[in-house]
Amino acid sequence: MATSIVIVETPESQQLLIQKANASLSLQGSIRVPGDKSISHRALMLGAIAQGETTVEGLLLGEDPRSTASCFRALGAEISELNTERVRVQGAGIGQLIEPANILDAGNSGTTIRLMLGLLAGQPGQFFSVTGDASLRSRPMSRVVKPLRQMGAQIWGRQDGNLAPLAIQGQHLRPIHYHSPIASAQVKSCILLAGLMTEGETTVTEPALSRDHSERMLRAFGAQLSIDPETHSVTITGPAQLHGQPVIVPGDISSAAFWLVAGSIVPDSDLVIENVGVNPTRTGILEALAMMEADIELQNQREVAGEPVADLRVRHRQLKACEIGGDLIPRLIDEIPILAVAAAFAQGTTVIRDAAELRVKESDRLAVMAHQLNRLGARVTELPDGLEITGGTPLTGAEVDSHDDHRVAMSLAIAGLNAAGTTTINRAEAAAISYPNFTATLQQICREG
Ligand code: S3P
């Protein structure tokens, strides 16, 4: 019997079944991952508020960027049908978004709602309501509502504006210097976008550096930005007019991370993942896997449209435990679920700390990953701000659940590749948020020896 990877449709959702054969399995081939989710959102949003045309190549066709596109269409931007070849965005111009007649729905996407709030808050005289799915409606918005209110924004919602649905009455905003208590690119980007529409300098200072795609793209679109790397501060000078640009979106390192870990833990594997964005604010996963002694090579390093890109070759090697925390966390924040899988197969005890932010992602990723990996026989202890994972116990297939979290669904599928018997992942359709072809790629690279 060969290993089989099957999707079973149930009336409510999808199950992904990984049925491991006795014959040896390895992962082989050259693959591409979908476009970077963070860059895709920003290309659509900056395109929507710029003057003139923005073209986007390599856009992620996942559900999250679709939420961004539908919100900004409702706000008056012309966005062509989404495809990976070339999406055209005809911008409305700064401060020129129109008041939609209906509620804006950000779906599952924290980046959509938080960045969009920065733009809506500074549209004087217009009223907006924004919401999202059950997960998004339980995630904290006060992290952006608080600084926006300091700028003069009027926002209402449950828990004093912490929870969507939110109502926004657009105002003339004033610039601020905001010292963010968390390293969050969503908070930073929201304030910078609001700062675009104010008179003067708006500064955000973070405790550690978060991803800098907004800074890079705002500059490329013509905004005046100064960055102080010593203090992790960014200043934008408003009011600024943006000009439409061609954007090329590299492959998402957060999606590549699943294959980097899969190739590391499945014996005899040898995979090349082409065209992956390796922006230094995102490469924490490469550093963590290097600490674990993974065999990963960066090939053909180049710069594409203002973002560093490389091909990543990964070959199987026994991983070792490591300790992860501090400033590294914001640089691998979305990769912690799959790192937990890597740790379950590493020799020794891996400790991940300073990662309490994971509790307010699409699911409580610390609780969910600990519980689901333990169902497969792993030894994972949940810490208040992280995970402690003792690797080396062989995993056995079981029924697990994604909790509607895309990164959990895919992480569990990779764990299932190395578990004996059948692993069933319930609510596996969540993967389509960031990786619509995940299962097809998984099927494509599996080789039976
Ligand atoms: C993102 C920032 C991160 C990350 C999210 C995407 C972005 O969130 O987890 O998937 O595109 O700005 P935080 O800013 O909340 O850390």
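Numbers for residues simply follow the sequence, beginning at 1.
With contacts defined as side-chain heavy-atom distances shorter than 4.5 Å, the pair H41/L44 does not qualify. Taking 4.5 Å as the limit, every side-chain heavy atom of E9 sits out of range of all side-chain heavy atoms of Q15. Between S38 and R282, some side-chain heavy-atom pair lies under the 4.5 Å cut-off. A 4.5 Å side-chain heavy-atom check between N162 and V145 finds every atom pair outside the cut-off. For the pair M369/V341, a side-chain contact is recorded, criterion being any heavy-atom separation below 4.5 Å from C-beta on. Side-chain atoms of H172 and E199, non-hydrogen and from C-beta on, never get closer than 4.5 Å to each other. Inter-residue side-chain proximity for L218 and L46 is flagged as met; some heavy-atom pair is nearer than 4.5 Å. Two residues are said to be in side-chain contact when any heavy atoms from C-beta on lie closer than 4.5 Å; F72 and M116 meet this criterion.
Salt bridge absent: K37 and D252 never bring a charged side-chain N and a carboxylate O closer than 4.0 Å. Looking at K188 and E215, a side-chain N of the basic residue comes within less than 4.0 Å of a carboxylate O on the acidic one, giving a salt bridge. At a threshold of 4.0 Å, the pair E335-R407 does not count as salt-bridged, since none of the basic side-chain nitrogens sits closer than that to a carboxylate oxygen. Residues D270 and R313 are paired through a salt bridge, judged by an N-O separation under 4.0 Å between the basic side chain and the carboxylate. By the 4.0 Å N-to-carboxylate-O rule, D160 lies close enough to R149 to be salt-bridged with it. By the 4.0 Å N-to-carboxylate-O rule, R315 lies close enough to E297 to be salt-bridged with it.
Of the possible donor and acceptor atoms, none in the side chain of R86 sits under 3.5 Å from a partner among the backbone N and O of N83. Side-chain atoms of E206 come within 3.5 Å of backbone atoms of S210 as a donor-acceptor pair (strictly under, hydrogens ignored). R32 contributes no side-chain N or O that, together with a main-chain N or O of I273, makes up a donor-acceptor pair within less than 3.5 Å. Side-chain N or O atoms of E78 include none that pairs as donor or acceptor with a backbone N or O of Q90 at under 3.5 Å. Looking only at distances, a side-chain donor or acceptor of D364 sits under 3.5 Å from a matching main-chain atom of A367. Here the side chain of S184 pairs a donor or acceptor atom with the backbone of Q186 at under 3.5 angstrom. Judged by distance alone, the side chain of S129 and the main-chain N or O of I103 form no donor-acceptor pair under 3.5 Å. Of the possible polar contacts, one joining the T10 side chain to the S13 backbone as a donor-acceptor pair under 3.5 Å is found. Judged purely by atom type and a 3.5 angstrom limit, E429 uses its side chain to pair as donor or acceptor with the backbone of Q14. A distance-only check finds no donor-acceptor pair linking the side chain of R139 to the backbone of L163 [under 3.5 Å].
Partner of I414 under the side chain to side chain contact (heavy atoms under 4.5 Å, CB included) criterion, chosen from V266, I338, T423, L27: I338. In summary, of the residues considered (Q443, Q19, E448), a side-chain hydrogen bond (donor to acceptor under 3.5 Å, both in side chains) with T3 occurs for E448 alone.
For the side chain to side chain donor-acceptor pair (under 3.5 Å) condition, the pairs that include at least one residue of residues 301-312, sequence neighbours left out, are H213-E307, N279-E307, N300-D311, R302-D311.
Ring pair W259/Y435 is perpendicular by interplanar angle, where above 60° counts as perpendicular and below 30° as parallel.
Rounded to the nearest 0.5 Å, atoms CD (Q169) and CD1 (I155) are 11.5 Å apart. Between the CG atom of L196 and the CG atom of L119 there is a distance of 7.5 Å, given to the nearest 0.5 Å. The distance from atom CG of L16 to atom OG1 of T424, rounded to the nearest 0.5 Å, is 8.5 Å. To the nearest 0.5 Å, the span separating NE2 on H403 from CG on N426 amounts to 10.0 Å. The distance from the CG atom of L59 to the CD1 atom of I39 is 11.0 Å, given to the nearest 0.5 Å. The CD atom of Q245 lies 6.0 Å from the CZ atom of F221; values are rounded to the nearest 0.5 Å.
Of all heavy-atom pairs between A288 and L332, the closest is CB-CD2, 3.8 Å. Between D354 and G326, the shortest heavy-atom contact is OD2-N, 2.7 Å. Nearest heavy atom pair, residue G263 against residue V314, reads C-CG2, 4.0 Å. Scanning both residues, V247 and T54, for their nearest heavy atoms gives CG2-CG2, 4.2 Å. Nearest heavy atom pair, residue S135 against residue S138, reads O-OG, 2.8 Å. Considering all non-hydrogen atoms of both residues, L209 and P330 come closest at O-CB, 3.7 Å.
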Practice task
Evaluate the criterion side chain to side chain contact (heavy atoms under 4.5 Å, CB included) for residue pair V272 and E274; output intermediate values, then yes/no.
Solution key: CA-CA 6 Å; V272 176; E274 293 171 349; 4.2 Å; yes
Exercise for the section: Given salt bridge (charged side-chain N to carboxylate O under 4.0 Å, His left out), test R211 with D334 step by step and report yes or no. Expected result: CA-CA 11 Å; R211 63 191 67 188; D334 292 336; 3.2 Å; yes
Practice task
Start with the C-alpha distance between E357 and R365, add both sets of side-chain angles, then the distance that settles salt bridge (charged side-chain N to carboxylate O under 4.0 Å, His left out), and finish with yes or no.
Solution key: CA-CA 9 Å; E357 268 296 297; R365 288 181 174 163; over 6 Å; no
Practice task
Carefully, step by step, assess L286 and L260 under the rule side chain to side chain contact (heavy atoms under 4.5 Å, CB included).
Solution key: CA-CA 9 Å; L286 299 179; L260 294 176; 3.7 Å; yes
Exercise for the section: Walk me through it: do L319 and F345 pass the test side chain to side chain contact (heavy atoms under 4.5 Å, CB included)? Expected result: CA-CA 7 Å; L319 299 178; F345 293 100; 5.6 Å; no
Exercise for the section: Determine, stepwise, if the pair S233 / D228 fulfils side chain to side chain donor-acceptor pair (under 3.5 Å). Expected result: CA-CA 5 Å; S233 299; D228 179 355; 5.3 Å; no
Exercise for the section: Assess whether side chain to side chain contact (heavy atoms under 4.5 Å, CB included) is satisfied between C446 and I5, documenting all intermediate values. Expected result: CA-CA 9 Å; C446 281; I5 294 161; 3.5 Å; yes
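With 3.5 Å as the limit, one finds no donor-acceptor pair spanning the side chains of S109 and T111. Using modelled atom types, one finds a donor on one side chain and an acceptor on the other under 3.5 Å when comparing S214 with R42. Remark: the S269 side chain and the H316 side chain contain no N/O donor-acceptor pair separated by less than 3.5 Å. Counted by atom type alone, S402 and D405 present zero donor-acceptor pairs between their side chains at under 3.5 Å. Side-chain contact check for H177 and T205: at least one donor-acceptor pair (N or O, by modelled atom type) lies under 3.5 Å. Judged purely by distance below 3.5 Å, without hydrogens or angles, the side chains of Q28 and S26 pair a donor atom with an acceptor atom. No donor-acceptor contact under 3.5 angstrom links the side chains of N108 and E63, judged on distance only.
Surrounding CD1 of I98 are more than 12 heavy atoms belonging to other residues, nucleotides or ligands, all under 6.0 Å away. By the 6.0 Å contact criterion, CD on Q150 is enclosed, its count of non-hydrogen atoms from other residues, nucleotides or ligands being greater than 12.
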